[in-house]
Amino acid sequence: MIKITFPDGTTKDYKKGITSLEIAEQINPGLAKEVYVATVNGEIYDLSRPLYNDSTLKLHKWDDEEARHAFWHSSAHLMAEALESLYPGIKFGIGPAIENGFYYDVDPADDTVITEADLPIIENKMKELASLNQIFTRKEVTKKEAFDLFTKKGDEYKTELINELEDGTITLYSSGNFIDLCRGPHLPSTGSVKAIKLTSIAGAYWRGDEKRKMLTRIYGITFPRQKMLDEYLVILEEAKRRDHRKIGKELELFSFSPKVGMGLPLWLPKGADIRQNLIDFLTRLLKKHGYKIVATPHIGNVNLYKLSGHYEKYGSSSFQPMSTPQEGEQFMLKPMNCPHHCEIYNVTPHSYKELPVRLAEFGTVYRYEQSGELHGLTRVRSFTQDDAHHFCRPDQLREEFKKIIDLILYIFKILNLNDFTAQISLRDPDNKEKYIGTDENWDKAEQDIISAAGEKNLITTVVRGEAAFYGPKLDFMVKDAIGRKWQLGTIQVDYNLPERFDLSYTGSDNQRHRPVMIHRAVFGSLERFIAVLIENTAGKFPLWLAPEKAVIIPVSDKFNDYALKILQILNNSDICTLIDDRSEKLGKKIRDNELKRIPYLLIVGEKEVENNTVSIRKQGDGDKGNMTIDEFVSFIKEEINKELSL
RNA sequence: GCCAGAGUAGCUCAGGGGUAGAGCACUUCCUUGGUAAGGAAGGGGUCAGGGGUUCAAUUCCCCUCUCCGGCUCCA
């Protein structure tokens, strides 16, 4: 007998060699149908794998990530089996589960091209195979056995993977006619896969290396019930409706023109208004927090970037330098503002008493991004950073860092951005040549970031190898409507530029000292930040950000004069208001302006003229009754004040 | 940059080797209305651009540009 300990601490004895599935069945036959995989002594097991020793056991249902992971991983195998029967000779790369579903990288034989049109056919084959309810069988093999099997099969990608594995840990899984190198675990059988949708198809380099062959990656998702798939597809559709590219077009916020150039956003009046509202808001806040606003040119001498190290690092993958016709001087579009700010710092001598110096700029920068990488406003070639550089004494670094965390959290809170993650990016210890600066400085900077984040109780993930080339950083990331992760706010410690620009201050000992620099941005870039705001709000911006606060709708033409009178009062009170005096019915005008996400509609007719009022309709919230104009003006101002204070 | 798909009116899209279509938007007229679509008429297109095949190309083929989905990259 063996003793099994359940998550609630209870224990029970079972005969040796029992499987998790059998245990589940004994607890409750219904439960057995809902569990997909088990954690045994902290290791994930197939339900059908026998248990020989005393163990802790946790059974995973769909709500556990472990269960979905196994479900989708098994689905990847199912798809592979379908592909193998539809495309004889097809070779397989890797086929993992991902956050939502799974993919498999494949290499069809000869010149076969799999396109989107083929997906339903593959889907149907998968459904056919799933209905056979084939058992997943696990088999431990030696390295040689595995190698021989896939060599015989001609699967060179698999043999490459096997070569890198340690002998004694290799397992194969088979289901139906398909056998795969796989760590597992898997579902007991394919029958629980009831709903299948192959979502997209794309190219992917083998092992993520652009020098190697590009395989065909097929993405899909599966569920144990059709209803769950239907719900998932509805959520996907809704997300697409929030896509900032779509809403940006609908609401006329921004545009792109091939004549201007790809990845170069054109801000239309309404989008520019939102942008300006953000700039005004942040500028006021920064001044309160001891920042000085500066402004620098859009280009800089090539030697500036040679000094900063950017040229050496990124010169060849940047917009290339331009030359002056007579003198032959070389200038670059500025890819970042920091070198300029260093030179501003250097204009005057500094005493330890005046540090930290905080220089801020809404600086437009230009970066070459590969054409295939551009994406709406989130990935562009020209964007405006809400950039700032803090020059501080080493002893001030941690406090300063914490203050910036506070500032970022404050602004995220005001804008209701609750769904972000914080990531500490450190350098890759195995690739130190990718970075500039000494080991001592890197170690110190990394420690400072980790402890500052810790002292702020920030929940962070730590990723090695993601640091900037000049220093480690703390990034605030959010997801967009289609699940892509983007970096917004960032705080980066930098010991390197102060060296390169020979920055200094005079200490209390009357000696020359080197300041530490912090690069930081709250929004990251206005472009990316507004994209995220659009998707978070679905275009229903908070009142203070909305480009147009209200539209006056006369019930009929007879009341246009009154409407115009109100329009003037509101616009004189700095409440941007429009009038919809089209000869349309009231219902039509309300509908059109609701769809434009106008925060307030002011309906005026006979009653309003008589009482000198407006009838208020709040966006998405219907009729809110009547107010006098003065009441409405203070009502609006109060709402904006409320939005901007915590 | 790489792989795959797409580009038809301002927008969303249908169509298809032989006068170019719809809805919305726009213009004009009728309607003058009370909280999410009133009616009629009209204007609007080098079917992304360039080459080819053909008696004939918006449709088929090739190239370029742009966009969409990924990959790689991302100071």
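Quick note on labels: first sequence line is chain A, next is B, and so on, each numbered from 1. Just so it is clear, the model here is predicted, and its values are computed rather than measured. The figures here come from the full heavy-atom set of this structure, side chains too, leaving out hydrogens, waters and symmetry mates.
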Closest to the A:Y219 side chain: B:A75, B:C71, B:A36? B:C71

Atom C1', compared across B:G45 and B:A40: separation rounded to whole Å: 24 Å

Between A:Y366 and A:H298, what is the ring plane arrangement, given parallel below 30°, perpendicular above 60°, and tilted in between? tilted

Tell me, which pairs form a salt bridge (Lys or Arg N to Asp or Glu O under 4.0 Å) where one or both residues lie in residues 547-560 of chain A, sequence neighbours left out? A:K270-A:E548

How long is the span from the CZ atom in A:F541 to the CD1 atom in A:I530, to the nearest 0.5 Å? 7.5 Å

Write down the distance between NZ (A:K596) and C1' (B:C11), rounded to a whole number of angstrom. 14 Å

Under the ring pair (Phe, Tyr, Trp, His ring centres under 6.0 Å) test, residues paired with A:H73 that sit two or more places apart: A:H77, A:H186

Gap between atoms CD and P, on A:E369 and B:C71 respectively (whole Å): 15 Å

Main-chain N/O of A:R427 paired to A:E446 side chain as donor or acceptor, under 3.5 Å: yes

Between B:A75 (P) and A:M332 (CE): distance, integer Å: 15 Å

Applying salt bridge (Lys or Arg N to Asp or Glu O under 4.0 Å), which residue pairs with at least one partner in residues 596-616 of chain A are found, sequence neighbours left out? A:E250-A:R597

By side chain to side chain contact (heavy atoms under 4.5 Å, CB included), A:N303 pairs with (sequence neighbours left out) A:N301, A:K306

Take the protein atom CG of A:D107 and the nucleotide atom P of B:C71, then report the distance between them rounded to whole Å. 18 Å

Side-chain atoms of residues 251-268 of chain A: list all donor-acceptor pairs with protein atoms under 3.5 Å, sequence neighbours left out, distances to 0.1 Å.
residue : atom : partner : partner atom : Å
A:S257  : OG   : A:K259  : N            : 3.0
A:S257  : OG   : A:V260  : N            : 3.3
A:W267  : NE1  : A:E527  : OE2          : 3.4

Under the ring pair (Phe, Tyr, Trp, His ring centres under 6.0 Å) test, which residues partner A:Y305, sequence neighbours left out? none

Aromatic-base stack, A:Y314 on B:A75, cutoff 5.5 Å, angle under 30: yes

Which range-with-range stems can be found for RNA chain B when each stem has 3 or more Watson-Crick or G-U pairs in a row and both distances sit under 3.5 Å? B:1-3 with B:69-71, B:5-7 with B:65-67, B:10-13 with B:21-24, B:26-30 with B:38-42, B:48-52 with B:60-64

Just to be sure I understand the rule, does A:R245 reach a base, reach only the sugar-phosphate, or reach nothing, if contact means heavy atoms closer than 4.0 Å? sugar-phosphate

Quick check: on RNA chain B, is the nucleotide nearest A:Q385 upstream (toward 5') of the one nearest A:D209, or the reverse? Name the residue that is more 5'. A:D209

Distance between the P atoms of B:G69 and B:G34, in whole angstroms? 45 Å

Are OP1 or OP2 of B:G69 and a side-chain N or O of A:H375 less than 4.0 angstrom apart? yes

Which whole number of Å gives the distance between the C1' atom of B:U54 and that of B:C68? 33 Å

Rounded P spacing from B:U32 to B:C47 in Å: 44 Å

Select base, sugar-phosphate, or nothing to describe what A:R484 touches, counting heavy atoms under 4.0 Å on all strands. sugar-phosphate

For the pair A:K565 and A:D561, find out whether any cationic side-chain nitrogen is under 4.0 Å from an anionic carboxylate oxygen. no

Separation of the P atoms in B:A41 and B:U46, to the nearest angstrom: 26 Å

Roughly how far apart, to the nearest Å, are B:A14 and B:G7 at atom C1'? 15 Å

Go along nucleotides 28-35 of chain B 5' to 3' and tag each nucleotide: B for a protein heavy atom under 4.0 Å from its base, S when only backbone or sugar atoms are that close, - otherwise. ---BBBBB

Might you point out which heavy atoms bring A:P599 and A:A546 nearest each other, and give the distance in Å? CG-CB, 3.7 Å

Categorize A:H519 for me: base, sugar-phosphate, or nothing, with a 4.0 angstrom heavy-atom threshold over every strand shown. nothing

I need the CZ-P distance between A:F256 and B:G10, as an integer number of Å. 20 Å

Output all residues satisfying ring pair (Phe, Tyr, Trp, His ring centres under 6.0 Å) with A:Y205, sequence neighbours left out; order by chain, then residue number. none

Separation of A:I616 CD1 from A:D623 CG (nearest 0.5 Å): 9.0 Å

Report each atom pair, protein N/O against N/O of nucleotides 40-45 of chain B, whose distance is under 3.5 angstrom.
none

If the glycosidic angle is within 90 degrees of 0 it's syn, otherwise anti, so just tell me which one B:U19 is. syn

Rounded to whole Å, CG of A:D580 lies from P of B:A36 at a distance of 15 Å

Whole angstrom value for the distance that separates C1' of B:A75 from CE of A:M336: 4 Å

Show the distances under 3.5 angstrom between N or O atoms of the protein and N or O atoms of nucleotides 1-6 of chain B.
residue : atom : partner : partner atom : Å
B:G1    : OP2  : A:S371  : OG           : 2.3
B:G1    : N7   : A:G372  : N            : 3.3
B:G1    : N2   : A:Y205  : OH           : 2.4
B:C2    : O4'  : A:Y205  : OH           : 3.4
B:C3    : O2   : A:G203  : N            : 3.1

A:H310 vs A:D243, nearer the 5' end of RNA chain B by closest nucleotide: A:D243

Whole-Å C1' distance, B:C24 and B:A9: 12 Å

What nucleotide, of B:U12, B:C74, B:G69, holds the atom closest to the side chain of A:R379? B:C74

Rounded to the nearest Å, what distance is computed from the CD1 atom of residue A:I218 to the C1' atom of nucleotide B:G69? 14 Å

Tell me every residue that passes side chain to side chain contact (heavy atoms under 4.5 Å, CB included) with A:R367, counting only those two or more places apart in sequence or in another chain. A:P335, A:M336, A:V365, A:E369, A:F383, A:Q385

Anything under 30° is parallel, anything over 60° is perpendicular, the rest tilted; go ahead and classify A:H310 against A:F469. perpendicular

Would you measure the distance from the C1' atom in B:C26 across to the matching atom in B:C63 and give it in whole Å? 37 Å

When every non-hydrogen atom of A:E639 is compared with those of A:K618, the smallest separation belongs to OE2-NZ, 3.6 Å

